[in-house]
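Data block below; observations after.
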Amino acid sequence: MKGLIAAHSGLRYIVLALLVIAIFNAIANLKSDKYEKKDKMINLFAMIFLHIQLLIGLVLYAISSKVQFSGETMSEPIYRFFTVEHILLMVVAIIFITLGRKKAEKQIEPARRHKMILRYYGLGLIIIFIAIPWPFIYNVGAGYF
């Protein structure tokens with residue numbers, strides 16, 4: 001289990017970096033009349049790594065002692081965070097990012113594709129930042145790695 005936690009914690013930085021790269025790429029190309037293969041690959045890799053992160057997270061959700069379904073779940077901050085808040089916000093963020101990429105690929109104009117990526121990936125990134133158990137925000141027993 002410690003290996004999965006380390007993988008999940010470490011992969012978060014790769015996911016965050018890829019999302020930031022995709023967002024900055026979209027910003028840089030907002031006025032562009034090109035949507036090249038590199039743009040598509042950046043957006044795709046960000047989404048793929050996010051889905052890998054989701055799969056690891058779902059395994060951890062199933063086996064973690066911090067996920068409890070009892071009458072005390074909502075009154076205990078650690079249990080509430082990992083049982084309800086973290087998973088819910090992360091799934092919502094992943095849905096936004098996945099839908100954003102799908103909608104962007106359907107756009108004909110390259111500038112609109114970049115605009116869709118910026119909106120959906122940006123919103124997803126904000127939600128992810130809120131949902132990560134940062135030690136300086138939440139007191140839920142999680143560290144930086």
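This is a predicted model, so every value here is computed, not measured.
Nearest approach of A104 to M116, heavy atoms of both residues: CB-CB, 3.8 Å. In plain terms, the two heavy atoms of A26 and H114 that are nearest each other are CB-O, 3.4 Å.
With rounding to the nearest 0.5 Å, the separation of NZ in K66 from OH in Y61 is 14.5 Å. Interatomic distance, E109 CD to S32 OG, rounded to the nearest 0.5 Å: 12.0 Å. Separation of atoms CD1 (I126) and CZ (F96) is listed at 10.5 Å; rounding is to 0.5 Å. In this structure, CE in M90 is found 8.0 Å from CZ in R12, a value given to the nearest 0.5 Å. Once rounded to the nearest 0.5 Å, the distance linking OG1 of T98 with CG of L50 reads 6.5 Å. The CG atom of L54 lies 11.0 Å from the CD1 atom of I97; values are rounded to the nearest 0.5 Å.
Taken together through direct or relayed side-chain contacts under 4.5 Å among Ile, Leu, Val, Met, Phe, Trp and Tyr, V91 and F49 form part of one hydrophobic cluster. Residues I95 and L44 share a single hydrophobic cluster, defined by chaining ILVMFWY side chains whose heavy atoms lie under 4.5 Å apart. Under the 4.5 Å side-chain heavy-atom criterion for ILVMFWY residues, a single connected hydrophobic cluster contains both L11 and I87. No path of Ile, Leu, Val, Met, Phe, Trp and Tyr side chains, each step under 4.5 Å between heavy atoms, connects I78 with V84, placing them in separate hydrophobic clusters. Note on L4: it clusters hydrophobically with L58, by side-chain heavy-atom contacts below 4.5 Å among ILVMFWY residues.
At least one donor-acceptor pair under 3.5 Å links the side chain of T73 to the backbone N or O of Q68. Judged by distance alone, the side chain of D39 and the main-chain N or O of E36 form a donor-acceptor pair under 3.5 Å. When atom types are taken as modelled, the side chain of R112 and the backbone of Q107 share no donor-acceptor pair closer than 3.5 angstrom. Looking only at distances, a side-chain donor or acceptor of S75 sits under 3.5 Å from a matching main-chain atom of E72. One N or O on the side chain of H86 and one on the backbone of A131 form a donor-acceptor pair closer than 3.5 Å.
Counted within 6.0 Å of NZ on K102, heavy atoms from surrounding residues, nucleotides or ligands total 12 or fewer; the atom is thus considered open. More than 12 heavy atoms of other residues, nucleotides or ligands lie within 6.0 Å of CZ in R80, so this atom counts as buried by the packing criterion. I63 CD1: more than 12 foreign heavy atoms inside a 6.0 Å radius.
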Exercise for review: Could you please spell out the steps behind the side-chain hydrogen bond (donor to acceptor under 3.5 Å, both in side chains) verdict for N43 and Y35?
Suggested key: CA-CA 11 Å; N43 300 335; Y35 187 81; 2.9 Å; yes
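Contact annotation: the side chain of R101 never approaches that of K106 to less than 4.5 Å [non-hydrogen atoms, C-beta and beyond]. For the pair F82 and S64, the minimum side-chain heavy-atom distance is 4.5 Å or more. Counting heavy atoms from C-beta outward, Y79 and S70 have side chains that stay 4.5 Å or more apart. Looking at heavy atoms from C-beta onward, N25 lies in side-chain contact with K38 at the 4.5 angstrom threshold.
Partner I42 forms a side-chain contact (heavy atoms from CB on, under 4.5 Å) with one of L19, I23, L18, I21 and no other, that one being I21.
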